[in-house]
Amino acid sequence: MSPDEAGALRPARRRGLADEVADRLQEAIFSGVYPPGARLREVEVAAALRVSRGPVREALLRLEREGLVHNEWHRGATVMSLSARDAAELHSLRAVLEDLAVRCAVERAGDEDLAAVAEVAERMARADDAHTMVRLDMEFHDAVYAAAGHRRLRAAWEAIRSQVHLFLLTRIGLSEPDYLGHIPEEHGRLAAALRARDAETALRLFAEHRRHAFDLLAGEG
């Protein structure tokens, strides 16, 4: 790049505060403080976090790009409520990504990578509330993608991760019987199939795992 071209660039902006506000809001959404459909008023968020409205506005735009927040003219920002179409699109895209992640993990993950997946499943058995369980559920799938050792696949997962988290939060609002009881066992079976490097069984179990959650939401719709 020539000096003239470099001089044409605009000065970089520091966005640390906006990123911190976005992280705080994301945490509040994932903790259930702001459930799907909740209003996110700039003035109230700014006052609660003791910042100006500018970083809040930037944070809301970031969360909108992640699919967590929806902005409407005259109504402002609200936490995204997933429609039946949203859920179906996430389900189908997640299936493609996760099948590849499972195949890659079975074929080339190190034993320590698969042990990390199993360790998250073990921690799920000690979760004592639904929101903690959902966080561990997401951490479990993060570990699967890490074990796959496929950088671009992991980036594709990161692009939809927040929306999948929202999908699972919607699931726990459906009063599923014994949610905390059966989820750790289900993930234990997933981890065991990976550690056995049994691709056929792992793909079947992961598909059943996704289908169960999707069917709950589809039935609600």
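The structure presented is a predicted model; accordingly, all values stated were derived computationally and were not measured. Excluded from the calculations below are hydrogen atoms, water molecules and symmetry mates; all remaining heavy atoms, backbone and side chain alike, are included.
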What about H141 and H165, are their ring centers closer than 6.0 Å?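 No; H165 has its ring centre 6.0 Å or more from that of H141.
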Can any side-chain N or O of S81 pair as donor or acceptor with the backbone N or O of G37 at less than 3.5 Å?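 Yes; at least one donor-acceptor contact below 3.5 Å.
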Would you check if the side chain of D86 reaches a backbone N or O of S83 as a donor-acceptor pair within less than 3.5 Å?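 A pair under 3.5 Å: yes.
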Do [X] and [Y] have side chains that approach each other closer than 4.5 Å (heavy atoms only, starting at C-beta)?
X    : Y    : answer
H150 : Y145 : no
L82  : P36  : no
E44  : R39  : no
V21  : E58  : no
D137 : H209 : yes
L68  : Y34  : no
M133 : M124 : yes
R197 : L114 : yes

Is it the case that more than 12 heavy atoms not belonging to R24 sit under 6.0 Å from its CZ atom?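 Open: at most 12 neighbouring heavy atoms sit under 6.0 Å from CZ of R24.
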E72 atom CD: more than 12 heavy-atom contacts under 6.0 Å: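 Counting other residues, nucleotides and ligands, CD of E72 exceeds 12 neighbours.
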Stepwise, does the side chain to side chain contact (heavy atoms under 4.5 Å, CB included) test hold for V69 with T78? CA-CA 6 Å; V69 166; T78 59; over 6 Å; no
When rounded to the nearest 0.5 angstrom, what distance separates [atom1] in [X] from [atom2] in [Y]?
X    : Y    : atom1 : atom2 : value
R154 : R151 : CZ    : CZ    : 11.5 Å
R94  : E89  : CZ    : CD    : 15.5 Å
W157 : M138 : CH2   : CE    : 4.0 Å
E20  : L25  : CD    : CG    : 11.0 Å
E98  : L203 : CD    : CG    : 9.5 Å
L63  : L40  : CG    : CG    : 8.0 Å

Verify side chain to side chain contact (heavy atoms under 4.5 Å, CB included) between L166 and L90, making sure each step is shown before the conclusion. CA-CA 11 Å; L166 196 61; L90 271 176; over 6 Å; no
Heavy atoms only: give me the nearest [X]-[Y] pair and the separation to one decimal.
X    : Y    : answer
A59  : A18  : CB-O, 3.5 Å
A109 : A147 : CB-O, 3.2 Å
L60  : A77  : CD1-CB, 4.0 Å
A118 : A191 : CA-CB, 3.8 Å
V33  : P35  : O-CD, 3.5 Å
M80  : G67  : CB-O, 3.6 Å

Set out, in order, the CA-CA distance, both residues' side-chain angles and the distance that settles salt bridge (charged side-chain N to carboxylate O under 4.0 Å, His left out) for E208 and R204, then state yes or no. CA-CA 6 Å; E208 291 173 357; R204 176 177 57 80; 3.4 Å; yes
Would you tell me whether S31 and R135 have side-chain atoms, one donor and one acceptor, within less than 3.5 Å of each other?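 Checked: S31/R135 side chains pair up, N/O donor to acceptor below 3.5 Å.
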Could you label the plane-to-plane angle of the F214 and H91 rings as parallel, tilted or perpendicular, counting under 30° as parallel and over 60° as perpendicular?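 Because their plane-to-plane angle is under 30°, the rings of F214 and H91 count as parallel.
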State plainly whether the residues R123 and E139 are in salt-bridge range, i.e. N to O under 4.0 Å.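 Here R123 pairs with E139 in a salt bridge, since their nearest N and O are under 4.0 Å apart.
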Would you please test L136 and F140 for side chain to side chain contact (heavy atoms under 4.5 Å, CB included) and show each step? CA-CA 6 Å; L136 288 170; F140 178 92; over 6 Å; no
Would D99 and R210 count as a salt bridge (charged side-chain N to carboxylate O under 4.0 Å, His left out) if you check the C-alpha gap in whole Å, the side-chain angles of each, and the deciding distance to 0.1 Å? CA-CA 11 Å; D99 279 357; R210 292 189 302 269; 3.3 Å; yes
With clusters defined by side-chain heavy atoms of hydrophobic residues (ILVMFWY) lying less than 4.5 Å apart, directly or transitively, does V45 cluster with L61?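 No, separate clusters.
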V102 vs L190, side chain to side chain contact (heavy atoms under 4.5 Å, CB included): CA-CA, chis, key distance, verdict: CA-CA 10 Å; V102 167; L190 299 177; over 6 Å; no
